[in-house]
Amino acid sequence: MKQVVQNYKSGELALLDVPEPGCKPGGVLVRTAFSLISTGTELMKVSEAGMSMLGKARSRPDQVAKVVQSVAANGVPATYRKVMGKLDSYTPLGYSLCGVVEQVGAGIDDVKAGDLVACAGNEHALHAELNWVPKNLYVPVPDGVAPRHAAFGTVGSIALQGVRQGESRLGEVALVIGLGLIGQLVVQLLNASGVRVVGVDPDPARCELAERLGAAACGDPGSASVESAVAELTGGMGVDQVYLAAGGSSNQPVELAARLCRDRGRVVDIGKCRLDLPWNAYYEKELDVRFSRSYGPGRYDPEYELQGRDYPIGYVRWTERRNLACFLDLIARGRVDVEPLVSHVSGFEDAVETYRRLEDGELKAVAVLFRYAAPAGGTPVEEAPEVTVPEVRRRPERSGPVRRTGTVRLAFVGAGTYASSMLLPHLARRGGVELATVVTTTALSAANAQRKFGFSEATTDLDAVLGDPAVDAVCVVTRHSSHAELTRRALLAGKAVFVEKPLALSEEELASVLSAVEESGNDRIQVGFNRRFAPLLREARERFGGRSGPASLRYLVNAGRLDHGSWYLRQDTEGSRFAGEGGHFVDTASWLLGADPVSVYAVAPDGNEDLQIVLRYPDGSTATISYVTSGPSSFPKETLDLIADNKVLRLDDFVRAAVHDGRRRQWVGSRLPKARDKGQSAELAAFVKAVRTGGPMPVPLESLVATTTATLAVTTALASGVPVTLAGAR
């Protein structure tokens, strides 16, 4: 198997082939899925290994003292051989991981093979493909916690033990000095405990991150803003506790702690910083200085860690293992979020290069994860997530009834801004359509829509509309969270359905819609993916013509920022912004490429909502969708390039389009900008025609399902960091 090792004498890092560990009694053999690089502790060790012998001695005076003692006891030659032998050996790195139990040793009954566990220990949770882990250094991962997040368990326990040592209480104010990995976790834990936090770090990006994660204010240690924030939050009395989570040789952290701490406050040392305590400052305030020892009680006790002898809970409430389980529980309940801390995920095969980039400063990171490949014939853990595109099952009869009167009677459920501005104006002036009933949640909005667009009736009673046999079709234009349920009910009532995007916000919602199709035999659905109906884009596709090889499609969506208070921001009920809107762009790409995607990959830069999404298609074509909210409003919202067979189709925000064929550029329509037509009128015309004639719906249901599944898979891809396979995609 492979393991990351370092030669402390030369500083060499290597990914070494080593024998697999055996499964001993009292523990489990764990195959690693993700392991976490401690960017503080581990990089300090890596940096020390690169020093000269004199530099190593200066950095570890405790080890020098041991050498002196050994010389006195054993003489110079023996001590020299001992020291050089130890230095010129490979040592392991790593102490925090998540993996799958591969084998269970004798005496273990709380987990079984195949269980997901989080593991701790600088001798047992190493950067290696397999680790043997004793009982008190692993815990089962709760349901709903991603493996990459569970890999934070050890460092989370370190932060948690530090907070316990500070004995924080509701309403107190704390100062966290050092906003690296441990400091960021301490900020979240204190915030979850009802403690207001001021953070200190010279890195503005880390200060900004801590504020996003709950800190009241953050700033540079030399900035007056930190002292001002402490004075404002404490009424000038000083903070109740200080957490030293910084490293380095500066004595500034302990001096700042004394200055900003209240009388008889608590100072907790978690990191490894210089501790030359200014005697007068600490004496006059009678500050309580405490040390937090790693993951908690049990650490460094071989009987606890190696022999599995637990401490009775009545005497030691929070042990090393209980801290580990508690931290994972906090992640599971959403009280701590480690995803914003993940700066980089590297394949384990690139471990040495990743360390080099971190040490050189090329890779700026709070937390870095190694992702491990599954063994041959094994099942990867979060390595290649798979989402099944639901199979559409329907009764044999697929066509709808033909309207003998030639007039299609429509009911609208919802009459908000989009319906009133982009859909209803087209229908109100279209022949062969009767706007029968408008249904809204408030009587006034229904009355307004009736007055403006000429609906025959206005109501808030959806059941009455669904039960009306004279209504041919229902248009669902409500908030996203209701689309699937309203579509399901309309299908079961035998109505044709036009539903604005999205069709569903979850796989469960999509399944409920398809269940209604199967139960009723009614597959008469159209989703408001209007771009494929835009006249300019359709003409451009026609001029582009066919292709013989794979294509590359690039789609930039300059979505812009939403106004404060927009219901689009209510992700807990309305889903993510991309889940609600992204189907537009997935559908457009798939229509242009003539197929449904087979995999989805997505990444998001830390600190904003921008998304980069890569769709792969059966013939090798790819579509990259850049969905950004950080662009200027003056830039066009949508630009698209389709490239294949020495041809390029260019679309500029649905006002201009051109096709380049290698010899010349053909403008589609006028070269001059004109009014945008994104296809709403044409899509409604196609829907009405299908309802009136009983012919097939404008877009096959299988395509609507594939687009919805791919859109939802973006969330899975973001969480896993790897492509999501769309099983069953055509």
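Every value quoted in this text rests on a predicted model; they were computed, and no experiment measured them.
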Please report the interatomic distance [atom1]([X]) to [atom2]([Y]), rounded to the nearest 0.5 Å.
X	Y	atom1	atom2	value
His660	Ile643	NE2	CD1	10.0 Å
Ile613	Leu615	CD1	CG	7.0 Å
Leu553	Ile625	CG	CD1	8.0 Å
Arg488	Ser520	CZ	OG	10.5 Å
Leu505	Leu510	CG	CG	11.0 Å
Phe453	Leu435	CZ	CG	9.0 Å

Would you kindly say whether [X] and [Y] are connected by a side-chain donor-acceptor distance under 3.5 Å?
X	Y	value
Ser621	Asp619	yes
Thr407	Glu434	no
Gln680	Tyr418	yes
Ser421	Thr417	no
Arg616	Tyr601	no
Tyr627	Gln612	no
Tyr617	Ser590	yes
Glu339	His149	yes

Within 45° cone of Phe544 ring axis and under 6.0 Å: Lys647 NZ or CZ: yes
In terms of relative ring orientation, are Phe348 and Phe370 parallel, tilted or perpendicular, with 30° and 60° separating the classes?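 Taking Phe370 first and then Phe348, their aromatic rings stand perpendicular (interplane angle over 60°).
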Test item: [X] and [Y] side chains (from C-beta on) under 4.5 Å apart, heavy atoms:
X	Y	value
Leu341	Leu209	yes
His584	Tyr555	no
Leu410	Phe498	no
Arg650	Thr639	yes
Asp661	Asn646	no
Val699	Phe533	yes
Val600	Pro723	no
His344	Arg357	yes

Would you call [X]-[Y] a salt bridge at under 4.0 Å N-O?
X	Y	answer
Arg532	Asp587	yes
Arg554	Asp641	yes
Glu638	Lys678	yes
Glu539	Arg543	yes

Taking Asp472 for its side chain and Arg409 for its backbone only, find out whether a donor-acceptor pair lies under 3.5 Å. yes
Would you check, one step at a time, whether the test side-chain contact (heavy atoms from CB on, under 4.5 Å) holds for Leu640 with Leu649? CA-CA 8 Å; Leu640 182 151; Leu649 182 159; 4.1 Å; yes
Stepwise salt bridge (charged side-chain N to carboxylate O under 4.0 Å, His left out) test for Asp653 and Lys637: CA-CA 6 Å; Asp653 211 20; Lys637 181 180 178 181; over 6 Å; no
Other residues, nucleotides, ligands: >12 heavy atoms within 6.0 Å of Glu362 CD: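 Yes, CD of Glu362 has more than 12 neighbouring heavy atoms, counting only those of other groups under 6.0 Å.
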Of all heavy-atom pairs between [X] and [Y], which one has the smallest distance, and what is that distance?
X	Y	answer
Ser343	Lys364	CB-O, 4.1 Å
Thr629	Asp610	N-OD1, 2.7 Å
Ala458	Gln450	CB-OE1, 3.4 Å
Ser576	Ala579	OG-N, 3.0 Å

Identify the residue among Val366, Val368, Leu369 that makes a side-chain contact (heavy atoms from CB on, under 4.5 Å) with Val342.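 Single pass found, and it is Leu369.
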